[in-house]
Amino acid sequence: MIVMEGCKGLQINPIKAYYCKRDNRALVSAFTPGVSRTVGWKSHRMICNPKSLNLVSASIQPVGTSQKTSFSNALPTKEVLDVWQNADAVCFDVDSTVCVDEGIDELAEFCGAGKAVAEWTARAMSGSVPFEEALAARLSLFNPSLSQVESFLEKKPPRLSPGIDELVNLLKNRKKDIYLISGGFRQMINPVASILGIPSENIFANQLLFGTSGEFMGFDKNEPTSRSGGKAAAVRQIRKDHGYKSLVMIGDGATDLEARQPGGADLYICYAGVQLRESVAGKADWVVFDFKELISSLE
């Protein structure tokens, strides 16, 4: 891996190649520890642009008072506050929650297929089509090559939602474990995790796969977040592995709401500061429009 000057002090997970036993093809994906089907590794160069790792705070227009008051769950109950304040772990969605953008939409726009892909994203996040179907359909519209993904990462730094860095730091100071659970791609989420100081092993996300010449080969369908119900499965696994007594899920979409189930998240907080999906927000334990609401509830 080649790291350019200016990237020092940041943990970047290299892109690696692995050989698939099924047909001996060499595939390239973001490195995931403990991939059982790996039978051999060889490095692939990743060029890191220092600008791509800068923290970019986005500007979001404030939500109107009438919009907030239209939801009875905009004010948390005592029981909800108690779970939130005493949770052992907090899991965040990434797109339209930690970041203001939908990563796949931004990558598609960069590759010239933004509008068509954005329409599929809206359907996927509303829960009107199975997530795995929407993911495959969106990628098939532009088939991003490895060089395009690398160029995108260089030229389009992550745009964090206002207040998310302060909230994550506050949670860490209160000894809460933080996870990123996303239907997006590790290649785009790793820089976000580095900025926020979240370890790579606390990322549950999808992987883009590429051939040895950098051609698009699809995505890893073995990742739980590649299909409907995947975030719920990831949350259950996290809880089982670590024995957490209470866990909170924060996100904006239907796949985040799915994590609120027995053995999964005890609490679902809908973050509507970027995208308000009313069918999802109405079913949340608590809907917030600004991370300051969560910050103030912990102070």
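Computed from a prediction, not measured in an experiment: that's the story for all the values here.
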Given the rule that I, L, V, M, F, W and Y join up when any side-chain heavy atoms are under 4.5 Å apart, are Phe204 and Val192 in one cluster?
no

In terms of hydrophobic clustering (I, L, V, M, F, W, Y; side-chain heavy atoms under 4.5 Å; direct or indirect links), are Tyr268 and Ile250 co-clustered?
no

Compute whether any side-chain donor of one residue and acceptor of the other, for Tyr271 and Asp290, lie under 3.5 angstrom apart.
no

Is a donor from one side chain sitting under 3.5 angstrom from an acceptor on the other, for Arg236 and Gln261?
yes

Does the side chain of Phe92 reach to within under 4.5 Å of the side chain of Ile269, using non-hydrogen atoms?
no

Non-hydrogen atoms of Asp93 and Gly251 that approach each other most closely
CB-CA, 3.7 Å

Would you kindly say whether Asp82 and Asn86 are connected by a side-chain donor-acceptor distance under 3.5 Å?
yes

When you look at CG of Leu298, are more than 12 heavy atoms from neighbouring residues, nucleotides or ligands closer to it than 6.0 Å?
yes

Heavy-atom closest contact (Thr225 atom, Ala205 atom, distance):
OG1-C, 3.3 Å

Decide, yes or no, whether a salt bridge links Asp266 with Arg239 under the criterion of side-chain N to carboxylate O below 4.0 Å.
yes

Which pair of heavy atoms, one from Leu208 and one from Gln187, lies closest together, and at what distance?
O-NE2, 3.2 Å

With clusters defined by side-chain heavy atoms of hydrophobic residues (ILVMFWY) lying less than 4.5 Å apart, directly or transitively, does Ile178 cluster with Leu294?
yes

Between Glu106 and Arg159, is there a side-chain N and carboxylate O pair less than 4.0 Å apart?
no

With respect to Ser161, which candidate in Val98, Leu167, Val274 satisfies the side-chain contact (heavy atoms from CB on, under 4.5 Å) definition?
Val274

Regarding Ser96 and Glu102, do their side chains bring together a donor and an acceptor under 3.5 Å, going by distance alone?
yes

Side chains of Ile189 and Leu180 in contact at under 4.5 Å (non-hydrogen atoms)
yes

Smallest heavy-atom separation, Val287 atom then Glu293 atom, equals O-OE1, 4.4 Å

Angle between ring planes, Phe71 versus Phe289, binned at 30° and 60°: parallel, tilted or perpendicular?
tilted

Enumerate donor-acceptor pairs with a distance under 3.5 Å from any side-chain N or O in residues 140-147 to protein atoms, sequence neighbours excluded.
| residue | atom | partner | partner atom | Å |
| --- | --- | --- | --- | --- |
| Ser140 | OG | Ala136 | O | 3.4 |
| Ser140 | OG | Ala137 | O | 2.7 |
| Ser145 | OG | Ser147 | OG | 3.1 |
| Ser145 | OG | Gln148 | N | 3.2 |
| Ser145 | OG | Gln148 | OE1 | 3.4 |

Between Phe219 and Phe185, the two heavy atoms sitting closest are CB-CE2, 4.4 Å

Quick one: does Arg186's side chain get under 4.5 Å of Asn206's, heavy atoms only?
no

I'd like to know if Leu160 and Val90 are part of one continuous hydrophobic network [Ile/Leu/Val/Met/Phe/Trp/Tyr, side-chain heavy atoms within less than 4.5 Å].
yes

Residues Ser228 and Glu258: closest non-hydrogen pair is C-OE1, 4.1 Å

Salt bridge check: are Asp256 and Lys231 linked by an N-O gap of less than 4.0 Å?
yes

